[in-house]
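Structure first, commentary second.
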Number of protein chains: 4
Amino acid sequence: MNETNTNRRLAAVTTLLPPGMTPEGSRGLILSEALRLFAEHGYGGASIRDIAQQVGIKGASVYSHYPSKAHVLAELLRIGHEEHFRRMRAALLAAGPEPTQQLIAVVRAHVFAHAEYPMLAVVASAEMHALPAEFATPILEVRRNSEMQLLDVIRRGTELGVFNVPDAELALAAIAAMGVRVAHWYAPDNKRTPEQIADVFAQFACRLVGAAV
Amino acid sequence: MNETNTNRRLAAVTTLLPPGMTPEGSRGLILSEALRLFAEHGYGGASIRDIAQQVGIKGASVYSHYPSKAHVLAELLRIGHEEHFRRMRAALLAAGPEPTQQLIAVVRAHVFAHAEYPMLAVVASAEMHALPAEFATPILEVRRNSEMQLLDVIRRGTELGVFNVPDAELALAAIAAMGVRVAHWYAPDNKRTPEQIADVFAQFACRLVGAAV
Amino acid sequence: MNETNTNRRLAAVTTLLPPGMTPEGSRGLILSEALRLFAEHGYGGASIRDIAQQVGIKGASVYSHYPSKAHVLAELLRIGHEEHFRRMRAALLAAGPEPTQQLIAVVRAHVFAHAEYPMLAVVASAEMHALPAEFATPILEVRRNSEMQLLDVIRRGTELGVFNVPDAELALAAIAAMGVRVAHWYAPDNKRTPEQIADVFAQFACRLVGAAV
Amino acid sequence: MNETNTNRRLAAVTTLLPPGMTPEGSRGLILSEALRLFAEHGYGGASIRDIAQQVGIKGASVYSHYPSKAHVLAELLRIGHEEHFRRMRAALLAAGPEPTQQLIAVVRAHVFAHAEYPMLAVVASAEMHALPAEFATPILEVRRNSEMQLLDVIRRGTELGVFNVPDAELALAAIAAMGVRVAHWYAPDNKRTPEQIADVFAQFACRLVGAAV
DNA sequence: AATGAATGAGGCTTCATTCAT
DNA sequence: AATGAATGAAGCCTCATTCAT
C-alpha cells in the first residue's frame, strides 16, 4: 500500500456506514475497514490482508465472514446504493406535489448522502467496475431507480411548465453529477456543513432547470 | 482481466488522444492502448502484458519505451490535464471580456474536452490516486490552474454583478462536476453530439450562476 | 542455475547449521537449503524457487516464513557470526590468563568454526556484500567484536612481552585470514579432521606472533 | 544496483589492471569498468548495461567487443591469475637457491599482487564460481601452478631442514590465505604501503614455517 | 563501432483463496 | 471464529542477448 500516496482521493471521515447497516463483530469491522481502504486505495489497491490487519485478525479469518473479497465490495455497494435510494425516496415522499419542492428535496437528499458518507459514495462510484457482473446487476438496478426518481421529477416539472429544460436527461446528468462529485472533495473539516452544501446545490438545481425561486 | 466485466465504465470510443500529443511508433501505441485499457479496467486492472499484447509486442519491450508502468500513466495524465487546460485557456482568450460569454466559453471547452476524449478524462479523474506522489505533484498543479481559470470567471462575474452566486467555490464544484462526469456516460453513439452537450451544459452553468440569458 | 558449475567453491558437507540455531519445520528447512544453495551458487545465483524446491514447497510459500530473500540471508549471516563470536568468547573464557594459551584457544575456535560450518562461513564471508545495508549493520558489529577479541589477545601478549609482532593489526589480519579461508577449501573428505587443522593453525599463529612454543 | 550498499567489499582504488594487459579503446574500458563493478557488486550484481553506462556506450555495444558477459569475466580472471603467476615466478627466479629467501620473495610477490590490484584479486577469488566451467579450467590450472610454486618452496625448505612445518599443505593454505585476504581489506588510504605489508607478511610466513630470521 | 528495439527467460514478490487444525 | 501454512496465478521488472540499421 502506497503510504505516501494518501488522501489524494478523500479526506478523513469518521462515520463510515449508515447506522443499522453495519453487522456486529468482526463482520461489521471488516465492512468498515474494507470501506476505508477501498476508498483510500481502490478495490485493487487494498488486499484482504490489509483489511484483516485493520480489523485485528488474519487474512484467512476474513473468509469466516465473507466468501470472497468481491462479496465484501458487493455488500458495500449494496448498502451505499440502497441507502442513497432510500433517502431520495423518503425525501420525495415528504415533499408534497410541487415540482420545485420535490426537486429541492431530492437534490438535498442526493447531495446530503454523498457528503455524509463520502467513502461509501466514492467507492460506489469509483469501484463499481471492479465488481464481477453477477454482483453488479441488482446494484445497477437500484442506481437506475434512484436516477429515475430524479428524472421523473424533472420531467413532471417540465410537463407542468414549472421547469424549463431543453433536455431532461442532460439536466439529470448535470444535477446528479454535482452530487456525486461532492464525495470526492468534501471532508468534515470543510467550512460548510453537509446541510449547507445540500441547500446550495438544491438551489443550483432549481436554477438549472429554470424553476422560479 | 475480467472479460465479463467489460464496458460498465465507458463505451467504445475512436479518437483516444489529442492529435499532436501521441509519439510515433510503439511509444505512441503503448500510450493509446494503455489508455484504452486503463479506462476500461483501471490502472490496476490492466497489466503491462495486456498493454504489450494490444500493441503487438512483448511485455519486456514496453520497458524500451517507458521505465515503468507508472510512467505510462503519468504521461497519460499529463497529456490529459494539459490538453484540458490548454483548451480552457484558449476558449477564455477568445471569449472577450463579458463574464457570461467567458463562462459559456470555458464551460463549453471543459465539457467538450470530456466528451471528445472521454477515456483520457475517465483515467485522469479515476486513476489519479494510482499515481505515485512524485508524479502527481506537477499534474495536480495543472489541474489547479484549470480550476482557477473557471473560478476566476465566476468570481469576476459575481463582482461585476453579472452573476449572482451564494458561494463561488460551490458553484465551481457544481459546474466542474457536470463536465467531469460527462466522460463517464458519454459515448459516440449518444444521440447528442459533444457540441450539443457542451452547449446545453454551458446554458446550465449560466443559469446556475444566475446570469441573465 | 549453472549445473555444470558445481562445487568449484566448496565440497559437500553434512552439518549445515549449529544445533539449536535452526528453527523447526519449513522455516528451518528453508534456512538450511538456502545456506546450501547460497554456498554453492552465491546469493544471486540461487533463486527463491530453487530454495523452495529443495524444501519441497512452492516459491510463494517461502513468504509464509520469511518476508524476503534478504531476510533469509540476514538470518544465516546472523547465525554464522553469532556462533563464531560465541565460540571465540567461550574459548577465551576457558583459556586462563596466559597470552599464548589465549591465542591458541581463540585461533582454535576460529579455525574450528570455519571447518565445522564451512558453508555458513563461506556465505558469511562471500555474500556479505549482497545484504542490504540495514541488515548488515548489526552483523558487522558482531564481526568487529570477534576481531577485537583476537586483536586484544595479540596486543596484550605483545605488551606483556610474550609476543613480538611488528604490527598487531597485520598479525590479526594474517591470523584471521588463515581461518577464514579454511571454509573455502576444507571438506569432510579431507584427510585432516577439523581439530587437527585447528591445532596446526594455532601453532602457526603462535609462531607468527613470535611466541615461544 | 544497490547504491547504499557500496564499498562493503573493497575501498576505492585507482589502478585497476596491470599495465600492458588493458586493450585500447572501448574494449579496455569495458574491462576496467566491469572489474570495478564486479568487485563492488559481484558478477551477478553488475549488469551489462551497468558496465556499458560506465564506459559511456549502450549495452548492445558491449557485444561489439566481447561475445558475452562471461567472456569479460573470463578475461579479467585470466589477467588476474596470469599476472599473479608471472610475478611469483619472476620473484622466485630472482631469489636464488636459499629457501628462506625464496619464501620471502614468493610471499612478497603474492601479497604485493593482492594489495596492488585488490579489485582484480577480489574478483578472482570471489567470482570464480560465476564462471562457466569451460572458461574456468585453464584459469584454475594457472592458479594451481601458482600454489605449486609456493608449495614447492615450502617442501624444499622443509626437506633441507631450513623450515620446520608439521604439514606443508596446511602451511601453504595458511600463507596463501594471508595474501588472498589482503585484497579484501587493503585500500590505498591504508597507513601502510603495499611494500610494507608485503614485508611484514613475508616475515610472518618465515616465522610460520619455522625459518630462522 | 554503435545503437534502438525487441525478446525469452527468469527474478522477487503479492494476492485471493483453501484447508487442516 | 480464527489461524498458519501452503498454493497457483499473476504482477512488475531486469537481464543477457540478438538484429537490423
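Model, not experiment: these values are computed from the prediction. FYI, side chains are in, hydrogens and waters are out, and symmetry mates aren't considered; it's all heavy atoms of this structure.
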[X] versus [Y], closest heavy-atom pair with distance:
X	Y	answer
A:M128	A:I139	CE-CG2, 3.8 Å
B:L16	B:M119	CD2-SD, 3.1 Å
C:P18	C:L120	CD-CD2, 3.7 Å
A:Y66	A:P23	OH-CG, 4.3 Å
C:V72	C:A34	CG1-CB, 3.6 Å
D:A46	D:K69	O-NZ, 2.8 Å

Which nucleotide wins on minimum distance to the side chain of [X], given the candidates [options]?
X	options	answer
C:R49	F:dA2, E:dA2, E:dT13	E:dT13
B:S64	F:dA1, E:dA5, E:dT3	E:dA5
A:S61	E:dA6, F:dA2, E:dG8	F:dA2
A:H65	E:dA2, F:dC15, F:dA1	F:dA1
A:I57	F:dA2, F:dT17, E:dG4	F:dA2

Notebook entry, point to check: Does D:G44 or B:K69 map to a spot on DNA chain F nearer the 5' end, using the closest nucleotide for each?
Noted result: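 By nearest-heavy-atom nucleotide position, the 5'-most residue is B:K69.
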Notebook entry, point to check: Above 12 or not: heavy atoms from other molecules or residues under 6.0 Å from CD of D:E82?
Noted result: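 Atom CD in D:E82 is packed in, count exceeds 12.
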Next item on the list: Kindly write out the residues that satisfy side chain to side chain donor-acceptor pair (under 3.5 Å) with A:E75, not counting sequence neighbours, or none if the list is empty.
Entry: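 By the side chain to side chain donor-acceptor pair (under 3.5 Å) rule, A:E75 matches no residue at all.
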Check: By ring-ring contact (aromatic ring centres under 6.0 Å, His included), which residues pair with A:F135, not counting sequence neighbours?
Finding: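 A:F135: ring-ring contact (aromatic ring centres under 6.0 Å, His included) contacts with A:H71.
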[X] [atom1] - [N] [atom2] separation (whole Å):
X	N	atom1	atom2	answer
D:Y63	E:dT7	OH	P	17 Å
D:R27	E:dA1	CZ	P	10 Å
A:Y66	E:dT17	OH	P	14 Å
B:I48	E:dC12	CD1	P	20 Å
C:Q53	E:dG11	CD	C1'	15 Å
D:L131	F:dA16	CG	P	15 Å
C:L29	F:dA5	CG	P	13 Å
D:H41	F:dC15	NE2	P	12 Å

Check the interface with nucleotides 19-21 of chain F: list each N/O to N/O pair with the protein under 3.5 Å, or write none.
none

Note to self: Is B:S68 close enough to F:dC12 that one of its side-chain N or O atoms is under 4.0 Å from OP1 or OP2 there?
What the structure shows: no
Check: Distance check: side-chain N/O of B:S26 vs OP1/OP2 of E:dA6, anything under 4.0 Å?
Finding: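 Answer yes for this pair, as a side-chain N or O of B:S26 is under 4.0 Å from OP1 or OP2.
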Checklist line | Partner set under salt bridge (charged side-chain N to carboxylate O under 4.0 Å, His left out) for B:R49, not counting sequence neighbours | finding: none
Item checked: From C:L73 atom CG to C:L131 atom CG, the distance as rounded to the nearest 0.5 Å ->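 Spacing of CG (C:L73) from CG (C:L131) equals 5.0 Å.
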Checklist line | Backbone of B:Q54 reached by a side-chain donor or acceptor of B:E33 within 3.5 Å | finding: no
Checklist line | C:G59 vs D:K58, nearer the 5' end of DNA chain E by closest nucleotide | finding: D:K58
Margin query: For DNA chain F, which residues of residues 70-77 of chain D approach it to below 4.0 angstrom with any heavy atom?
Written below: none
Margin query: Let's test your reading of the pairing rules: Watson-Crick or G-U wobble, both distances under 3.5 Å, then write DNA chain F as a dot-bracket string with ( ), [ ], | and dots.
Written below: .||||||||||||||||||||
